[in-house]
Amino acid sequence: MPRSVVPWEITRKLLVKAEDKTNPRYGHKPEERPAEEYIRYGVINLDKPAGPTSHEVAAWVKRILNLQQVGHGGTLVA
Amino acid sequence: MTGVLPVTLEESRRIVQALLFSGKEYVCLMKLHGETTEERVSEVLKEFEDIIYQRPPLRASVKRQLRTRRIYYIDFLEMDGRNVLFKVGCEGGTYIRKLCYDIGEVLGCGAHMQELRRTRAGPFVEDGDIVTLHDVAYWFMEWQQQKDEKILRKFIQPMERALALVPKIYIRDSAVDAICHGANLTAPGILSLETGINAGSMVAVFTLKDEAVALARAVTSTEEILNVVHGIVAKTERVLMPRGTYPKCWKSGET
């Protein structure tokens with residue numbers, strides 16, 4: 001069977017339909033969000049240690065950062 | 001089980017669905033229950049490089065019905081006695097423990113999963129921005145003391161980072177707030193879009209400032225979207241940006 005297309009190897013091109021500008025008064029580039037907002041709209045690429053469950057690890061992050069809601073990208077299914 | 005675990009903070013939890021369905025890569029240590037040759041093992045591993053059937057295990061968080069998952073690749077790495085090390089790239093929701101069991105059945109000697117390390121979850125990989133819990137605790141303390149935003153960026157990424165592999169549609173400022181209120185995306189609001197979108201594809205709706213507005217389901221393909229002048233092109237599924245970030249440019253009664 002031929003090696004199927006791996007999602008992370010797909011390269012996409014950007015095609016333009018119309019031109020317009022964005023008003024600097026509204027929104028922020030993601031990396032320029034004010035700190036508090038940057039955290040609330042942030043993700044951490046965490047290296048999960050052996051032992052605790054993904055859930056427990058997420059709970060630790062929540063406690064360390066003193067946040068209300070912390071989730072994780074799926075159970076590390078085995 | 002160790003390795004790449006994307007953790008979403010507060011509002012970014014809304015992108016979890018994009019990560020759940022994204023592809024994964026693991027390095028797996030499998031323990032054989034009998035003797036066999038390296039040739040036989042790599043041969044059998046290759047047989048699994050296909051669409052496979054799996055029934056979720058007893059302890060699973062989903063309904064236990066037979067489902068299919070695609071194995072993009074399995075690469076044999078090393079074998080030492082009954083220990084086999086391999087790398088597997090697969091669709092989200094593939095059970096590697098089950099895969100090892102099934103490989104053991106085909107080999108005839110039986111096998112089980114001994115250790116597992118996730119080396120990729122969608123766009124997140126092991127190198128570059130990956131951090132340990134210790135890093136998180138350390139950098140957060142540094143941030144609290146110094147209040148230098150550069151420190152935050154050392155261990156937190158914007159949620160847009162998680163959408164790197166999802167095809168994007170860029171829209172006008174004037175279309176943003178309607179989407180934030182749950183409206184579907186219509187053709188006039190679109191400025192540019194990426195190739196590879198098909199009817200039913202998940203797409204990410206972005207502003208020209210590269211901010212994520214919403215996750216949506218495309219109604220048609222990239223080519224069609226380029227040509228249409230009116231009508232719905234994507235159905236909004238998950239709004240990511242708070243209302244009122246951009247000005248309201250639509251009249252009530254129009255949505």
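Computed from a prediction, not measured in an experiment: that's the story for all the values here. To find a chain, count down the sequence lines: A is the first, B the second, and so on, and within it residues start at 1.
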side-chain hydrogen bond (donor to acceptor under 3.5 Å, both in side chains) assessment of B:Lys209 paired with A:Thr22
CA-CA 7 Å; B:Lys209 293 187 192 77; A:Thr22 180; 2.6 Å; yes
Please lay out, stage by stage, how A:Ile39 and B:Ile156 fare under the test side-chain contact (heavy atoms from CB on, under 4.5 Å).
CA-CA 7 Å; A:Ile39 296 172; B:Ile156 299 176; 4.0 Å; yes
CA sep, side-chain torsions, deciding dist, call: B:Thr8, A:Val70, side-chain contact (heavy atoms from CB on, under 4.5 Å)
CA-CA 6 Å; B:Thr8 59; A:Val70 168; 5.8 Å; no
Which is it for B:Val7 and A:Trp60 under the side-chain contact (heavy atoms from CB on, under 4.5 Å) test, yes or no, and what are the steps along the way?
CA-CA 11 Å; B:Val7 172; A:Trp60 288 356; over 6 Å; no
Residues B:Arg117, A:Asp47; criterion side-chain contact (heavy atoms from CB on, under 4.5 Å); working and verdict:
CA-CA 10 Å; B:Arg117 179 163 180 85; A:Asp47 189 346; 3.0 Å; yes
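In terms of heavy atoms, A:Gly42 sits closest to B:Ser12 at O-OG, 2.6 Å. Of all heavy-atom pairs spanning A:Tyr38 and B:Gln157, the tightest one is OH-CA, 3.9 Å. Shortest non-hydrogen contact noted between B:Arg172 and A:Ala18 is NH2-CB, 3.6 Å. The minimum heavy-atom distance between A:Gly73 and B:Arg118, with the atom names listed, is O-NH2, 4.1 Å.
Atom CZ in A:Arg40 sits 8.5 Å away from atom CZ in B:Arg13 (nearest 0.5 Å). To the nearest 0.5 Å, atoms CG (A:Leu15) and CD (B:Glu223) are separated by 8.0 Å. Of the inter-residue distances, the one linking A:Gln69 atom CD with B:Glu11 atom CD reads 8.0 Å to the nearest 0.5 angstrom. Atoms CZ and OH, on A:Arg25 and B:Tyr246 in that order, are 12.0 Å from each other to the nearest 0.5 Å. One distance of note links OG1 of B:Thr2 with CG of A:Leu46; it measures 11.0 Å at 0.5 Å rounding. To the nearest 0.5 Å, the span separating CD1 on A:Ile44 from OG1 on B:Thr132 amounts to 10.5 Å.
Other residues, nucleotides and ligands contribute more than 12 heavy atoms inside 6.0 Å of the CZ atom of B:Arg67. For CZ of B:Phe48, the number of neighbouring non-hydrogen atoms (other residues, nucleotides, ligands) closer than 6.0 Å is greater than 12.
Remark: B:His112 pairs with B:His33 by the ring-ring contact (aromatic ring centres under 6.0 Å, His included) rule, at least two apart or across chains. Taking the side chain to side chain contact (heavy atoms under 4.5 Å, CB included) definition, one finds that A:Pro24 meets it with nothing, sequence neighbours left out.
Of the two parts of B:Val125, only the backbone, made up of N, CA, C and O, holds a non-hydrogen atom closer than 4.5 Å to a non-hydrogen atom of chain A. Heavy atoms closer than 4.5 Å to chain B are found in the backbone of A:Glu19, but not in its side chain. In this structure, chain A has a heavy atom under 4.5 Å from the side chain of B:Glu149, while its backbone stays farther away. Only the side chain of B:Thr222 comes within contact range of chain A, judged by heavy atoms closer than 4.5 Å. Using a 4.5 Å cut-off between heavy atoms, A:Lys21 contacts chain B through its backbone alone, with no side-chain atom that close. Neither the backbone nor the side chain of B:Leu99 comes within contact range of chain A, judged by heavy atoms closer than 4.5 Å.
Two residues are said to be in side-chain contact when any heavy atoms from C-beta on lie closer than 4.5 Å; A:Leu14 and B:Tyr170 meet this criterion. Between A:Tyr41 and B:Pro242, some side-chain heavy-atom pair lies under the 4.5 Å cut-off. Inter-residue side-chain proximity for B:Leu5 and A:Ser54 is flagged as met; some heavy-atom pair is nearer than 4.5 Å. Taking the side chain as every heavy atom from C-beta outward, B:Phe155 and A:Leu65 approach each other to under 4.5 Å. Within the 4.5 Å cutoff, the side chain of B:Leu9 has no heavy atoms near those of the A:Val43 side chain. When side chains are defined from C-beta on, B:Leu133 counts as touching A:Val61, because their heavy atoms get closer than 4.5 Å. The side-chain heavy atoms of A:Tyr26 and B:Asp177, taken from C-beta on, include no pair separated by under 4.5 Å. For the pair A:Trp8/B:Ser22, no side-chain contact is recorded, criterion being any heavy-atom separation below 4.5 Å from C-beta on.
Sorted by first and then second residue, the salt bridge (Lys or Arg N to Asp or Glu O under 4.0 Å) pairs involving residues 150-164 of chain B (not counting sequence neighbours) are A:Arg33-B:Glu160, B:Asp129-B:Arg161.
Annotation: maximal heavy-atom pairing with chain A below 4.5 Å, among B:Lys24, B:Glu115, B:Lys168, occurs at B:Lys24. Between chain A and the residues B:Ile130, B:Thr245, B:Ile190, B:Leu208, the most heavy-atom pairs under 4.5 angstrom are made by B:Ile130. When each of B:Leu191, B:Asp173, B:Ile15 is checked for heavy-atom pairs under 4.5 Å with chain A, B:Leu191 comes out on top. When each of A:His28, A:Glu37, A:Lys62 is checked for heavy-atom pairs under 4.5 Å with chain B, A:His28 comes out on top. Residue with the most contacts toward chain A among B:Ala18, B:Pro247, B:Gly92: B:Pro247 (heavy-atom pairs, distance under 4.5 Å). Chain A forms the most heavy-atom pairs under 4.5 Å with one residue out of B:Glu47, B:Arg120, B:Met159, and that residue is B:Arg120. Contact tally against chain B (heavy-atom pairs below 4.5 Å) for A:Thr53, A:Val16, A:Leu67: the top residue is A:Leu67.
Counting only distance, with no hydrogens or angles, the side chain of A:Arg12 and the backbone of B:Thr195 share a donor-acceptor pair below 3.5 Å. Without hydrogens or angle criteria, A:Lys17 side chain to B:Leu193 main chain gives no donor-acceptor distance under 3.5 Å. With hydrogens and angles disregarded, a donor-acceptor distance shorter than 3.5 Å links the side chain of B:Glu10 to the backbone of A:Gln68.
Residues of residues 135-142 of chain B that come closer than 4.5 Å to chain A, counting heavy atoms only, are B:Val136, B:Ala137, B:Phe140, ordered by residue number.
Using a cut-off of 4.0 Å between Lys/Arg side-chain N and Asp/Glu carboxylate O, B:Asp210 and A:Lys29 are scored as not salt-bridged.
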